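For the single chain, residues carry numbers from 1 onward in sequence order. Predicted, not measured: the structure shown is a model, and the values here were computed from it.
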Amino acid sequence: MSFKEKLSSFLFGSKKEEQAEEASFTEQEHTPQENPEAPAATPEDPSRLEIPEDHPIRQLYDLRRREDGPLPTPHLYMDEEGLLPPELMEKEKNRLQSSLKSVCSTRLKASKGRTRGKHSKKKAEEEDPEEEPLALDARPWFHLSSDKIYAWMLVFPPVGPGAEVSRDMIFKALEEQGISYGVNTSLLNRVAHERDRYFNLYLVAQGKHAFDGRNGNIVDHFPREIQRTLEVDEFGQVDYTALNLICNVKEGQEICRLIRPTEGEPGRTVLDQEVPAKSGRAVPLPKGRNTEISEDDEDSLIATMPGHVEFTGRSFQVKPVLDIDGDVDFSTGNIKFVGDVNIKGDVITGFSVKAMGNVYVGGVVEAGGTVEAGGDLTVVKGILGDGSTVIRASRCIFAKYIENATIHVRENLQTDCIVNGRIYCDGEVLIRSGRGSIMGGRVWAGKRVSASAIGAKSEVKTSIALGGLPCATFERELVLEQLRELRRDVERLENRLDSPLKASLLSKTKMKLSVAELKLKQLDEDLADAREELKDQKDQDSGRMECGVAYAGTLISFGDESLRLRQETHQCVAKLVCGEIVIM
């Protein structure tokens with residue numbers, strides 16, 4: 001046994017063990033372990049690089065093994081400590097494998113002079129004894145992630161009498177690559193002296209990610225959208241006093257608070273280059289009427305007066321709230337207010353309430369009373385009209401009951417009972433709580449009518465109209481009535497004797513008549529355009545009636561199509577299908 005073999009046997013075990021360790025790279029990777037107690041391999045590890053059979057690193061490994069004896073199995077893992085996010089490894093794995101294959105191919109071509117066996121080498125020396133054997137020093141190779149935040153190193157062993165890897169060699173290669181930030185020097189010092197330092201992948205440097213700043217935000221203390229829905233209890237009753245449609249605020253109270261944006265934190269690449277970060281975007285405080293921004297920190301929106309907080313879509317504004325402790329009668333006169341009106345009593349016969357905001361009536365609206373709300377209208381005890389009572393709301397109406405009144409509502413109407421009412425509603429008419437009945441009159445809803453009972457056993461005439469444009473039609477009817485009155489006034493004035501007063505009144509009346517005619521013309525054009533749009537709607541979009549029972553005498557109409565019920569119908573659903581009214 002030669003001195004080299006003895007030394008190898010002393011350092012690395014017997015020859016039998018050496019031959020076992022000299023198994024090929026493929027066999028070491030793919031042959032299953034016979035020892036059942038040995039830890040199982042983890043091919044599922046996402047950080048492990050899959051090396052195909054024809055990869056040039058296998059040939060470099062075999063070359064080194066023939067020259068230097070047994071070698072540990074190559075360890076090609078991107079992250080053994082679980083520091084890297086899986087999505088990064090999935091993104092970088094293909095790049096790393098491609099770069100590794102390229103550098104291994106180049107290294108293999110440079111090493112081809114040493115790939116011959118001992119006999120071939122001896123034959124080559126006999127042919128050219130003066131030719132020097134090929135020598136390649138060990139080479140540290142580095143791979144940077146696409147964002148240059150991470151750097152990996154793999155050390156190729158020397159070829160022939162080339163120099164082994166050293167600490168100086170590694171740090172010199174780092175300097176040549178420009179890698180200077182986040183370098184794991186303790187790992188590199190250890191790698192320089194480890195026996196299994198070749199053909200292993202190390203994460204040797206980590207930069208610093210950039211973190212964008214958080215955008216500014218607004219924390220609201222009042223809702224931006226009020227839910228205008230009624231809750232029915234287990235007894236089928238609705239508490240109309242607990243709608244909470246008015247959000248009262250005191251002077252100086254905070255409406256919302258500004259959360260300022262944060263500055264971005266720049267990062268650093270392993271090449272010691274700065275990675276810029278975006279700062280968060282600032283958002284303005286939604287300042288509206290009767291609000292101001294606090295002077296101390298400029299982060300709060302404050303109410304400058306007591307009232308009702310409302311969000312208009314772009315800003316918070318405070319509407320003044322007019323509180324009427326009693327009734328609207330001779331003690332108050334007619335109410336006309338730019339904000340919200342809160343009436344604790346009744347609206348007495350002959351008096352009117354007009355408000356640009358919400359109107360709350362704690363009592364009843366009596367016969368002959370008029371209420372117009374620019375927002376929601378709530379009448380806790382109901383509307384008791386005499387046929388001349390007109391109620392209008394630009395949003396929703398909530399009332400205990402409605403009797404002998406004309407109702408004009410742009411959105412939804414919800415009540416317990418309707419008796420002899422004239423209802424124009426662009427949205428839904430919901431009468432499911434309490435008695436839940438519609439008896440007499442006409443209800444025209446653009447979308448849906450839902451009631452427990454429609455009509456009566458006495459076959460009182462009850463009309464349900466669905467689809468179309470109820471509110472616009474109602475507006476047109478009002479303008480036509482106004483035109484008729486103005487024309488009668490003009491005719492009456494023209495029959496008077498000539499006088500300065502007649503000329504003045506006639507001029508003013510004719511001016512009003514011209515304005516009404518222009519308004520009628522505009523309404524007709526808008527109605528014509530809207531009807532053209534409605535023609536393209538499907539049958540199921542033209543309206544729907546739902547009720548527990550519909551009594552005989554009930555008239556159901558969809559535009560020009562109408563159907564009168566001849567008998568009592570339970571669990572009735574009516575809709576327009578292919579131009580015909582279908583009862584299901």
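- The residue from Lys510, Arg487, Lys512 that alone fulfils the salt bridge (Lys or Arg N to Asp or Glu O under 4.0 Å) condition with Glu517 is Arg487.
- With salt bridges taken as basic N to acidic carboxylate O contacts below 4.0 Å, one links Lys400 and Asp416.
- Between the side chain of Asp376 and the backbone N or O of Cys396 there is at least one donor-acceptor pair closer than 3.5 Å.
- Between Arg260 and Asp297, no side-chain nitrogen of the basic residue sits less than 4.0 Å from a carboxylate oxygen of the acidic one, so the salt-bridge criterion is not met.
- Within 6.0 Å of CG in Asp560 there are 12 or fewer heavy atoms belonging to other residues, nucleotides or ligands.
- Shown are Arg224, Arg289, Lys319; of these, the salt bridge (Lys or Arg N to Asp or Glu O under 4.0 Å) with Glu310 is made only by Lys319.
- The two atoms that bring Pro470 and Ala445 nearest to each other are CG-C, 4.1 Å, heavy atoms only.
- For the residue pair Asn404 / Asp386, no side-chain donor-acceptor distance below 3.5 Å is found, with atom types taken as modelled.
- Within 6.0 Å of NZ on Lys354 lie no more than 12 heavy atoms contributed by other residues, nucleotides or ligands.
- Other residues, nucleotides and ligands place no more than 12 heavy atoms under 6.0 Å from the CD atom of Glu263.
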Take Tyr150 and Leu88, measure what side-chain contact (heavy atoms from CB on, under 4.5 Å) needs, and give me the verdict at the end.
CA-CA 10 Å; Tyr150 300 96; Leu88 172 71; 3.1 Å; yes

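- Using a 3.5 Å distance cut-off with no hydrogens or angles, the side chains of Thr304 and Glu292 do not pair a donor with an acceptor.
- In this structure, Thr291 contributes its side chain and Lys287 its backbone to no donor-acceptor pair below 3.5 Å.
- Using cut-offs of 30° and 60° for the angle between ring planes, the His143 and Trp152 rings count as tilted.
- No salt bridge links Lys519 with Glu475; every basic N to acidic carboxylate O contact stays at or beyond 4.0 Å.
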Please evaluate residues Val419 and Tyr401 with respect to the criterion side-chain contact (heavy atoms from CB on, under 4.5 Å), reporting the C-alpha separation (whole Å), side-chain torsions for both, the decisive distance (0.1 Å), and the verdict.
CA-CA 8 Å; Val419 178; Tyr401 64 87; over 6 Å; no

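- Here the side chain of Thr378 pairs no donor or acceptor atom with the backbone of Tyr360 at under 3.5 angstrom.
- The two residues Asn358 and Gly375 come nearest to each other via the heavy atoms OD1-CA, 3.3 Å.
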